[in-house]
Amino acid sequence: MNTNLGTSTPAVLPHEGLHVVHLYLRLDRPAWEALSESEKNNRKNHLGALVAEIRQIPRTQLLAFSVVNPRADLGFMLLTPDLQIADLCSKKLRASLGAGVLEHEFSSLSLTERSEYTTSEEDYAKSLVEEDSLQPGSPEFEEKLVEFRQRIAKYLKYRVEPDLPGGAEWPVVCFYPMSKRRDPSQNWYASSFADRKRLMEGHAKVGRTYSGRILQLITGCTGLDDMEWGVTLLAKTTSEVKAIVYEMRFDEVSAQYAEFGEFLIGIRLEIPDLCERLSL
Ligand code: FEC
């Protein structure tokens, strides 16, 4: 099936990383029911072919899910380098089931990003001396530094060019937009880098206790969308999502500075199962 994903427009690429689109759609049941049975089948096949074709685009991932909150019926998370492709795929997905069948409910545009608060080699070396009493230059010190470099390279790669795992193992996808407060008495952006870094170290410490239970992807929206970040949490079950979001509320960064948009929970499904879930 020709889904016509080619584009002749010059690529719009970020300096590094990927564009990320979260797209939440609502099904217009009367518009769908107005289609003939053969047209319905054509449309479902078209959606399946389109998703498969998007997934073939280099450095591109597409997650599809049923949305449990009644605000939307289905959603997609698309990660791809070229903004032209991100735009084209978003529009094609919206139109995939026929004119007016999928209505836009909510979306977010962001970029994957590295963090300015990530532990530097200098920070780590300092902690080896001050907290672990290791001698700079000693074999143990050097061994720890080599381990650190490997770990951080893997982590940075994940933040900028993540390779998201499959939906069978990580079926739950939680998304919410987030900003940091800019009130005159509580302005994240007016506080010093040292204070922000200290606070973010506390945040990361809480976050790391969820290793293996939550896979978080924080993508930056400043200048691209209304809020400042998109928070995507992949989980094996909703209990882990509830637990991390609750625990983070007590962490100083979130307690003092976080502003949240709406929370959306999706269950990742392949297209035939998604169509069945939606009674298409
Ligand atoms: O100012 C900024 O740049 C902040 C960007 C930022 C936001 C944010 C929000 C959340 N995170 C959540 C979960 C985790 C888990 C881990 C984790 C670690 C970090 C690190 C940085 C960071 N997070 Fe974050 N988070 C932001 C940034 N977060 C920096 C430290 C690691 C690094 O150097 O990149 C542990 C990850 C791991 O090590 O495996 C889990 C959640 C939120 C939403 C906050 C809420 O209260 O709901 C959940 C914005």
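In each ligand, atom 1 is the first atom listed, and ligand 1 is the first ligand listed. In this text the structure is predicted, and so the values were computed from the model without any measurement.
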Colleague: Please compare T222, D251, T219, I218 and report which has the shortest non-hydrogen distance to atom 8 (C) of ligand 1.
Modeller: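 Residue with the shortest heavy-atom distance to the ligand atom: I218.
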Colleague: So do E161 and T112 actually touch side chain to side chain, heavy atoms under 4.5 Å?
Modeller: no
Colleague: Parallel, tilted or perpendicular: which describes the rings of F260 and Y176, with under 30° parallel and over 60° perpendicular?
Modeller: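 Perpendicular.
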Colleague: Could you check whether any side-chain N or O of R268 sits under 3.5 Å from a backbone N or O of V172, counting only pairs where one atom can act as donor and the other as acceptor?
Modeller: no
Colleague: Looking only at protein heavy atoms, identify the closest one to atom 29 (C) of ligand 1 and say how far it is in Å.
Modeller: S115 OG, 3.0 Å
Colleague: For atom 48 (C) of ligand 1, tell me which residue out of Y210, Y117, Y176 has the closest non-hydrogen atom.
Modeller: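 Minimum heavy-atom distance to atom 48 (C) of ligand 1 goes to Y176.
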Colleague: Would you mind checking which non-hydrogen protein atom is closest to atom 33 (O) of ligand 1, with the distance to 0.1 Å?
Modeller: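 Here the nearest protein heavy atom works out to T118 OG1, 3.0 Å.
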Colleague: Which atoms of ligand 1 have any heavy atom of F260 under 4.0 Å away?
Modeller: 45 (C), 46 (O), 47 (O)
Colleague: Could you find the nearest protein heavy atom to atom 4 (C) of ligand 1 and give me its residue, atom name and distance?
Modeller: K180 NZ, 3.3 Å
Colleague: Can you report which non-hydrogen protein atom sits closest to atom 31 (C) of ligand 1, along with the distance?
Modeller: Y155 OH, 3.3 Å
Colleague: What residue and atom, counting heavy atoms only, is the protein's closest point to atom 21 (C) of ligand 1, and at what distance?
Modeller: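 Of the protein heavy atoms, R159 NH1, 3.7 Å lies nearest.
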Colleague: Do you know which of Y155, Y124, F141 makes ring pair (Phe, Tyr, Trp, His ring centres under 6.0 Å) with F148?
Modeller: Y124
Colleague: Should we count OH of Y246 as having more than 12 external heavy atoms under 6.0 Å?
Modeller: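 Incorrect, the count does not exceed 12.
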Colleague: What is the nearest protein non-hydrogen atom to atom 2 (C) of ligand 1, stated with its residue, atom name and distance?
Modeller: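 Residue, atom and distance for the closest contact: W229 CZ2, 3.2 Å.
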Colleague: Looking at side-chain heavy atoms only, is the closest gap between H104 and L23 below 4.5 Å?
Modeller: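 They are in side-chain contact.
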Colleague: Which residue supplies the protein heavy atom nearest to atom 46 (O) of ligand 1, what is that atom called, and how far is it?
Modeller: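 Sorting protein heavy atoms by distance from atom 46 (O) of ligand 1 puts S254 OG, 2.6 Å first.
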Colleague: Below 4.0 angstrom from a heavy atom of M178, which ligand 1 atoms are there? Numbered from 1 as shown, please.
Modeller: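 Numbered from 1, ligand 1 contributes 43 (C), 44 (C), 49 (C).
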Colleague: Has D82 got a side-chain atom pairing as donor or acceptor with L13's backbone, closer than 3.5 angstrom?
Modeller: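 The answer is no, because no donor-acceptor pair under 3.5 Å joins these two groups.
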Colleague: Only heavy atoms count here, so choose which of A255, A204, G207, P177 is nearest to atom 20 (C) of ligand 1.
Modeller: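 Heavy atom nearest to atom 20 (C) of ligand 1 belongs to A204.
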Colleague: Over 60° means perpendicular and under 30° means parallel, so classify the ring planes of Y117 and W188, tilted if in between.
Modeller: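 Ring orientation, 0 to 90° scale: perpendicular.
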Colleague: Tell me the protein heavy atom at minimum distance from atom 22 (C) of ligand 1, and give that distance in Å.
Modeller: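 Closest protein heavy atom to atom 22 (C) of ligand 1: M200 CE, 3.6 Å.
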Colleague: Within the 4.0 Å heavy-atom shell around R208, which atoms of ligand 1 are there?
Modeller: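 Going through ligand 1 atom by atom, the ones under 4.0 Å from R208 are 35 (C), 37 (C), 38 (O).
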Colleague: Do you know which of L63, I57, I54, V20 makes side chain to side chain contact (heavy atoms under 4.5 Å, CB included) with L78?
Modeller: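 The option that passes is I54.
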Colleague: Out of Q216, M248, H203, E228, who is nearest to atom 10 (C) of ligand 1 when you count heavy atoms only?
Modeller: H203
Colleague: Backbone N or O of L102 within a donor-acceptor pair of the D28 side chain at under 3.5 Å?
Modeller: no
Colleague: Just jot down the ligand 1 atoms closer than 4.0 angstrom to any heavy atom of W188, in number order.
Modeller: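 Listed by number with element, the hits are 1 (O).
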